[in-house]
Amino acid sequence: MTNLHTPWEPNAVDVASWEGLGRDLARGKYVLTSLWGGRGHVSMALLDPVSGKSSVAHLPVPDGTFPSIAKHYLPALRLERSITDMCGFTPVGCPDPRPWQDHGVWGVKAPLTDNKPHTDPPPPYTFLPVEGEGLHQIPVGPIHAGIIEPGHFRFTANGETVVRLEERLGYMHRGAEKLFEGQDISGGAKIAARLSGDSTVAYSLAYARAVEAAWSLDVPQRAHFLRALFAEIERIANHLGDIGAICNDAAFSVMLAHCGILREETLRLAFECFGHRLMMDRIVPGGVKVDLTRDSAEKILAWAQKTEKHFEILVDLYDNTASLRDRTDTTGTVSAELVTLYGAGGHVGRASGRQFDSRKNTPYPPYDRLDFEIPLRNTGDVNARVWIRICEIRQSLSLIRQILNHIPEGGIAFSLPESPPAETQEGAALVEAFRGDVFIWLRITDGKIERCHPRDPSWFQWPLLENAIKGNIVADFPLCNKSFNCSYAGQDL
Amino acid sequence: MTAKLLAQSLLSKPVTIPAPQPDEAALAELAKALNERSRAKLGRSLTIREVDAGSCNGCELEIHALNNAFYDLERFGIKFVASPKHADVLMVTGVVTKNMEFAVKRAYEVTPDPKWIVAVGDCAAGCGVFTENYAHLGGVASTIPVDLHIKGCPPQPIDLLKGLLALLETAAEGKRA
Ligand code: SF4
């Protein structure tokens with residue numbers, strides 16, 4: 001295999017060094033970016049939080065077993081359970097061998113490797129045992145009360161107080177990783193754009209950058225700026241939606257109504273300027289599909305000004321409404337230790353003091369040329385997660401102005417190689433979605449996707465929600481959950 | 001602060017868009033569906049239970065938008081409810097994943113008759129990016145009978161609104177019949 005991408009350099013490792021990496025993770029030497037399997041291998045992407053250096057370790061699994069990483073480092077657990085579901089490999093020493101996405105009804109086992117028929121009736125799923133006096137359980141989902149994605153939450157409560165939450169996910173598993181297999185580059189881009197609809201821009205960007213890394217492709221400077229423009233608009237739209245929804249879950253619907261207007265105006269702007277409200281399929285390997293006209297640039301500036309003005313009134317309202325702050329302050333707290341241990345990205349990490357943003361820590365163009373800070377909070381509660389979003393909206397508005405100021409003239413895409421390399425190439429990329437860092441790793445052989453592994457930021461945030469709700473009342477769950485706003489579709493795949 | 005904001009809202013022009021014309025194609029599809037079953041005894045009011053059967057969440061975002069001040073769905077007497085037991089309409093998005101099959105079927109069973117099923121988005125219509133594989137059953141019609149498809153990836157709120165208005169007209173006719 002040729003090594004062409006510098007940031008996520010692939011390394012073949014043996015069992016001993018694989019175990020060593022697990023211990024290094026436990027000591028906090030690296031951040032686990034992802035853990036996945038494919039035909040004949042398990043792989044791990046690691047990031048050095050100090051230097052920003054990154055690499056990918058590949059371990060061959062000739063006998064279908066590999067040393068568990070979760071044994072040393074618990075945040076790897078769900079990804080490891082997923083490897084067993086998808087590839088049929090056994091992580092030796094894994095502390096929790098229960099399936100994760102495989103609910104026993106697919107009709108096959110290990111769809112990414114053996115893909116053997118399997119028609120046994122699904123075994124019952126055992127939730128973790130809870131013992132104690134006066135405890136009762138509340139099962140919620142998969143279908144929830146609102147217009148939201150499905151998942152199952154098993155609450156154990158003592159009166160009103162949550163003692164334990166156990167999540168069971170995987171309901172949205174639609175075989176996305178399998179569908180990538182054999183796709184050409186543009187077919188893969190369509191799937192990548194639909195892994196988690198709210199982050200379609202970020203996923204398309206991660207996919208495009210991974211392909212470009214694999215094939216050592218460059219993209220025009222103007223395309224870099226346009227990509228960032230789409231990404232920042234997407235960030236603003238999502239944060240606006242979240243702030244409104246969080247306040248609404250605290251029974252303060254005025255914020256929802258006003259944030260809803262600002263969000264709608266943002267989506268309409270995206271449609272007018274770029275032809276799609278969510279800007280789906282606008283970023284492609286090689287560049288972008290749609291250019292910015294002078295007229296659009298003016299519209300965007302006018303929108304930014306209007307949004308800023310309206311938004312600052314809402315920020316004041318949020319900050320000065322005691323009944324609202326009463327619900328968000330000290331609710332759903334996550335500690336700095338936990339977000340660091342889990343390498344939790346986005347507002348979940350930054351609200352608990354973890355200073356990580358892939359636009360800064362593993363910079364990619366054009367962010368290396370733009371001026372911005374990573375907002376941080378330390379209280380780790382719902383309020384802090386709201387504030388991170390507030391600061392990021394302000395920051396994204398500033399980034400958008402900088403982008404419009406500095407965007408160079410020129411083409412918006414380079415064409416892909418007419419005869420793609422026949423030998424296998426691999427590439428990976430980490431980009432910042434509104435929710436946190438999205439990672440995509442892929443292998444391409446003869447112009448076709450051999451394997452594509454996307455890792456949503458939610459993988460390292462969902463487990464922390466279980467922790468955040470502990471000791472809070474059941475009625476505050478919607479509020480906590482919304483303040484995280486993890487992705488189901490992006491995690492379930 | 002609230003007072004200032006409310007005053008501002010009162011003094012400015014409403015952002016709400018005028019009601020669109022019901023979509024012709026959607027109307028035709030619905031009329032057919034209704035002729036095939038007992039006519040409804042509905043007023044000009046519809047309650048919807050939204051079920052995500054395996055979407056990417058993109059369709060949900062646009063369904064959400066129906067509640068914002070621009071589209072203001074409730075002015076048409078259409079609103080989202082928390083339980084299928086309170087619903088006239090199941091609005092289903094996504095391909096039906098095998099992991100969701102039982103939940104979708106159960107939601108369908110507990111929705112009281114007469115009921116309408118609206119499949120939202122290309123995935124739900126079986127013509128989306130998520131083509132056949134081990135993990136899902138295809139569009140919504142693979143699992144429960146569908147009365148109306150609103151296509152798009154995702155459909156824009158205006159298309160959702162047109163489809164729902166068509167549904168409302170047909171349901172109201174059902175009452176008169
Ligand atoms: S139709 Fe498009 S937006 Fe809707 S769920 Fe499918 S991929 Fe997502």
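Computation of the quantities below employed the complete heavy-atom set of this structure, encompassing side-chain atoms and omitting hydrogens, waters and symmetry-equivalent molecules. Convention: sequence-line order gives letters A, B, ...; per-chain numbering from 1.
- Comparing A:Met172, A:Gln101, A:His144, A:Arg263 by how many heavy-atom pairs each has under 4.5 Å with chain B, the most go to A:Met172.
- If you measure heavy-atom distances from A:Leu314 to chain B, the contacts under 4.5 Å come from the side chain alone.
- Heavy atoms of B:Glu62 lying under 4.5 Å from chain A belong exclusively to its side chain.
- With rounding to the nearest 0.5 angstrom, the SG atom of B:Cys56 is 15.0 Å from the OH atom of A:Tyr488.
- Looking at B:Asn133, its side chain does come within 3.5 Å of a backbone N or O of A:Arg174 through a donor-acceptor pair.
- Of the two parts of B:Ser83, neither the backbone nor the side chain holds a non-hydrogen atom closer than 4.5 Å to a non-hydrogen atom of chain A.
- Contact of B:Val96 with chain A is not made at all, since no heavy-atom distance falls under 4.5 Å.
- Counted within 6.0 Å of NZ on B:Lys79, heavy atoms from surrounding residues, nucleotides or ligands total 12 or fewer; the atom is thus considered open.
- Closest of all the heavy-atom pairs between B:Cys153 and A:Met280 is O-SD, 3.4 Å.
- Note on B:Val51, B:Leu61, B:Asp52: by heavy-atom pairs under 4.5 Å with chain A, the leading option is B:Asp52.
- The candidate with the highest count of non-hydrogen atom pairs below 4.5 Å against chain B, out of A:Glu264, A:Lys190, A:Arg194, is A:Glu264.
- Looking at heavy atoms from C-beta onward, A:Arg277 lies out of side-chain contact with B:Pro154 at the 4.5 angstrom threshold.
- A 4.5 Å side-chain heavy-atom check between A:Ile148 and B:Glu50 finds every atom pair outside the cut-off.
- In this structure, the portion of B:Asn68 lying under 4.5 Å from any heavy atom of chain A is its side chain and not its backbone.
- Centroid-to-centroid, the aromatic rings of A:His103 and B:Phe102 stay 6.0 Å apart or farther.
- Looking at B:Phe130, the atoms closer than 4.5 Å to chain A (heavy atoms on both sides) sit in the backbone and in the side chain alike.
- Your options are B:Ala82, B:Gly58, B:Cys123, B:Pro84, and the one with the most heavy-atom pairs under 4.5 Å with chain A is B:Ala82.
- Rounded to the nearest 0.5 Å, atoms CZ (A:Arg268) and CZ (B:Phe70) are 5.0 Å apart.
- Between A:His173 and B:Tyr134 there is a side-chain heavy-atom pair separated by less than 4.5 Å.
- For a residue to count as touching a neighbouring chain, one of its non-hydrogen atoms must lie under 4.5 Å from one of that chain's; by this rule B:Ala53 touches chain A with the backbone only.
- Looking only at side-chain heavy atoms (C-beta outward), B:Phe80 and A:Ile147 come within less than 4.5 Å of each other.
- B:Asn99 places a side-chain N or O within 3.5 Å of a backbone atom of A:Gly170 that can act as its donor or acceptor partner.
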Point to revise | Verdict with supporting geometry, A:Ile143 and B:Met100, side-chain contact (heavy atoms from CB on, under 4.5 Å) | key: CA-CA 9 Å; A:Ile143 299 180; B:Met100 274 302 282; 3.9 Å; yes
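- The main-chain N or O of A:Trp106 is found under 3.5 Å from a side-chain atom of B:Lys98 such that the two form a donor-acceptor pair.
- For chain B, the nearby part of A:Val108 is the side chain; its heavy atoms alone come within less than 4.5 Å.
- Contacts of B:Arg106 with chain A are absent, with no heavy-atom separation under 4.5 Å from either backbone or side chain.
- The residue among B:Ala107, B:Ser55, B:Ala65, B:Gly94 with the most heavy atom pairs within less than 4.5 Å of chain A is B:Ser55.
- Proximity to chain A is absent for every atom of B:Thr93, based on heavy atoms less than 4.5 angstrom apart.
- Of all heavy-atom pairs between A:Tyr171 and B:Thr97, the closest is O-OG1, 2.6 Å.
- A:Gly175 approaches B:Ala135 most closely through the heavy-atom pair N-CB, 3.4 Å.
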